[in-house]
Amino acid sequence: MDTIQTIKLQDTAVEATQRLTGKEAIIKCLLAEGVDTLYGYPGGAIMPVYDELYKYQDKLHHVLTRHEQGATHAAQGYARVSGRVGVAIATSGPGATNLITGIADAQIDSTPMVCITGQVASHLLGSDAFQETDIIGISTPVTKWNYQITKASEIPEVMAKAFYIAKSGRPGPVLIDITKDAQFEEFDFAYKKCKAVRSYKPVPKLNPDSVKAAADLINNAEKPMIVWGQGVILGGAEEEFKAVIEKSGIPAAWTILGVSAIPTAHPLNVGMVGMHGNYGPNVLTNECDVLIAIGMRFDDRVTGNLETYAKQAKVIHFEIDPAEVNKNVDADVAVLGNSKETLAALLPLLEEKQHTAWHNRFKELYQIEYDKIIKDDITPEKEGLTMGEVLEGINKVSKGEAVIVSDVGQHQMIACRYAKFNKSKSNVTSGGLGTMGFALPAAIGAKMGAPERPVVAIIGDGGYQMTIQELGTIFQTKVPVKIVVLNNDFLGMVRQWQQLFFDRRYASTEMVNPDFVAIAKGYYIEAQRVSKREDLAGAIEEMLAAEGPYFLEVKVEKEDNVFPMIPTGASVSDIRLE
């Protein structure tokens, strides 16, 4: 993503309407941007803003997380399911630095977020004052834009630009650092929403010639294949995308952030690409004659060895961010713009086709994968429970209507492989950064962003303990999230690699875990543990039927592996089934 490093502030011509302090202005700006929920943790340098927040409890729901990292992940979850900008707030020094992991996660996963941090008084800047940290310097590599406010009069324009930049074009996180004296200073306040920033062009102008060139390649292809990513969802292009694949008859595979843009059961949905993706779409990437990438960035987990990736294919790249084009994979045709606009322009140029023989290749390879892997994952004959059958049990009860929030590890790959989705914005996970500890706080935000939908967090026993303190946030807010910990007493993904590539030297990956059920009950959250197959279905039904939050620990096979698998440095066509 292009980082916007310098944006000059210019005086607006808006007539001042009232005399306010900086802290009052911040709240007015949030309300003007339609913010109704924000996540944070108070402290000295941001205390004036919290004092003002106290007066607006009926309009702004502040969620007190138990750690600032939890605030950013909750804001991410909120943004991902609602399509709105997530907001996190923290104090200076360690409060601000604790936001960084979530900000970096939002940057690489293109999540719109505005983070507000307090800062020491402006006359103390650079003096190593108590809890002073150069959060602007620290956050610059992982934000779409950041800015430090030292004068109250800057607040309206900077805040307006922050929200505009965060949500426009390819979304991302913005950080605004506000000195304590600026929060107290009075000025004449007026607010005008930002609609443009000089030198910042969030959406490239659509080139009809590139759309025509793409259509010509697609219409003449014998074995075309689509790989779509989150850009379809971020662009609000689900209907246009569905129309394109149905008219063209092209098999379509997804990245883990793209899943749910169309229903899992759609006949043209051929599964997941990437390291633990489905066998067919990975192998056939190196057999297709035209590869159409839509709203995805060709990251290494998708491509495997770039030297052998789709070398036989003409590549068409639909992308909003010019920096992603030709970065990893050279495109024969690049179609720049928002996916909703570019796919709408493509649709009338496409010929109606079915590609039946080509589809049959995907079906053949799926059957191989089903017989070798999927059947044993979801309907195992072994004594111990598998992660796959837990997901299959959730599918049977949720019927594809739930939002699934996953952490990072084996359980994440299993959740992405086997969860069924009927609606868009249903899969929330840490894709690019791979942040353990993401799921529990993200599930809190997801439920608040979509209160009408069931939200189920799928977490491993390792990642769960990185942000387990957010059970306190659930207890205090009573947010009815459902938490499933798949406990194999290992850092499972690392252990799998140690088994396959390090001669089973399980260095520092076996976990000695606490009583997770007792801990959940200590936070007054209903909880139970399952270790037998005959108890699983009933426990899942009880969890999803519960009115409040619920914790379910499932003891699964200790040394179960996730296959298929593309070893690091291997070609996608060398994907392993065992």
Side-chain angles (χ1 to χ4, degrees), residues 101 256 272 274-279 282 300-301 304 369 372-378 380-392 404-419 429-440 457-468 483-517 519 529-533 536 552-570 574-578:
T101 296
I256 63 170
M272 181 170 77
M275 180 170 283
H276 292 286
N278 292 105
Y279 188 51
N282 273 304
D300 63 302
R301 288 298 174 102
E369 181 183 353
K372 187 77 175 179
I373 295 169
I374 297 173
K375 182 180 178 181
D376 289 337
D377 275 351
I378 64 176
E381 296 181 358
K382 64 183 73 173
E383 182 179 346
L385 290 167
T386 67
M387 293 178 282
E389 67 181 305
V390 178
L391 266 297
E392 188 69 4
I404 302 295
V405 185
S406 56
D407 213 82
V408 172
Q410 287 182 316
H411 68 278
Q412 176 192 36
M413 294 296 99
I414 290 292
C416 290
R417 282 176 56 80
Y418 294 122
T429 194
S430 175
L433 195 64
T435 304
M436 292 178 68
F438 171 87
L440 185 60
I458 307 294
I459 317 177
D461 49 308
Y464 181 58
Q465 293 178 83
M466 289 194 170
T467 52
I468 195 171
I483 307 157
V484 179
V485 167
L486 303 179
N487 183 4
N488 58 10
D489 294 312
F490 267 111
L491 298 176
M493 187 61 82
V494 183
R495 185 214 55 76
Q496 177 170 335
W497 281 65
Q498 289 172 333
Q499 175 186 335
L500 298 176
F501 306 113
F502 293 88
D503 297 324
R504 293 181 182 266
R505 292 188 296 274
Y506 295 157
S508 300
T509 48
E510 188 163 10
M511 304 285 286
V512 178
N513 287 318
D515 186 336
F516 291 128
V517 170
I519 291 171
R529 178 184 299 111
V530 170
S531 58
K532 296 180 179 179
R533 182 162 291 114
L536 180 61
L552 176 62
E553 177 187 1
V554 183
K555 297 285 289 186
V556 297
E557 287 273 320
K558 290 191 69 170
E559 295 189 68
D560 217 5
N561 290 330
V562 183
F563 286 103
M565 179 182 183
I566 302 170
T568 299
D574 292 330
I575 187 168
R576 293 174 55 170
L577 291 174
E578 58 184 0

Subject >> Any residue meeting ring pair (Phe, Tyr, Trp, His ring centres under 6.0 Å) with Tyr279, in chain and number order, not counting sequence neighbours >> reply: none

Subject >> Within-4.5 Å side-chain heavy-atom neighbours: Asp515 and Arg529 >> reply: yes

**OP:** Report the distance from atom NZ of Lys372 to atom CD1 of Ile374, rounding to the nearest 0.5 Å.
**Re:** 13.5 Å

Subject >> ring pair (Phe, Tyr, Trp, His ring centres under 6.0 Å) partners of Phe516, counting only residues at least two apart >> reply: Tyr464

Original post:
Within the distance-only criterion (no hydrogens, no angle test), does the side chain of Asn487 pair as donor or acceptor with the backbone N or O of Lys555 below 3.5 angstrom?
Top reply: no

Original post:
Taking only residues two or more places apart in sequence or in another chain, which ones pass side chain to side chain contact (heavy atoms under 4.5 Å, CB included) with Val408?
Top reply: Gln412, Ser430, Met436

**OP:** For His276 and Pro564, indicate whether the former's side chain and the latter's backbone hold a donor-acceptor pair under 3.5 Å.
**Re:** yes

**OP:** Give, for atom CG of Asn513 and atom CD of Glu553, the distance between the pair rounded to the nearest 0.5 Å.
**Re:** 7.5 Å

Original post:
Who passes salt bridge (Lys or Arg N to Asp or Glu O under 4.0 Å) against Arg533, sequence neighbours left out?
Top reply: Glu389

Original post:
What distance separates Arg505 CZ from Gln498 CD, expressed to the nearest 0.5 Å?
Top reply: 9.0 Å

**OP:** Indicate yes or no: does Lys382 engage Asp376 in a salt bridge with an N to O separation below 4.0 Å.
**Re:** no

Subject >> Whether Glu369 side chain and Asn278 backbone form a donor-acceptor pair below 3.5 Å >> reply: no

**OP:** Sort out for me which residue in Ile404, Leu391, Ile256 forms a side chain to side chain contact (heavy atoms under 4.5 Å, CB included) with Cys416.
**Re:** Ile256

Original post:
Who passes side chain to side chain contact (heavy atoms under 4.5 Å, CB included) against Thr568, sequence neighbours left out?
Top reply: Met275, Trp497

Original post:
Within the side chain of Ser406, is there an N or O that forms a donor-acceptor pair under 3.5 Å with the backbone of Thr429?
Top reply: no

Subject >> Set of side chain to side chain contact (heavy atoms under 4.5 Å, CB included) partners for Glu559, sequence neighbours left out >> reply: Phe490, Arg495, Gln499, Arg504, Tyr506

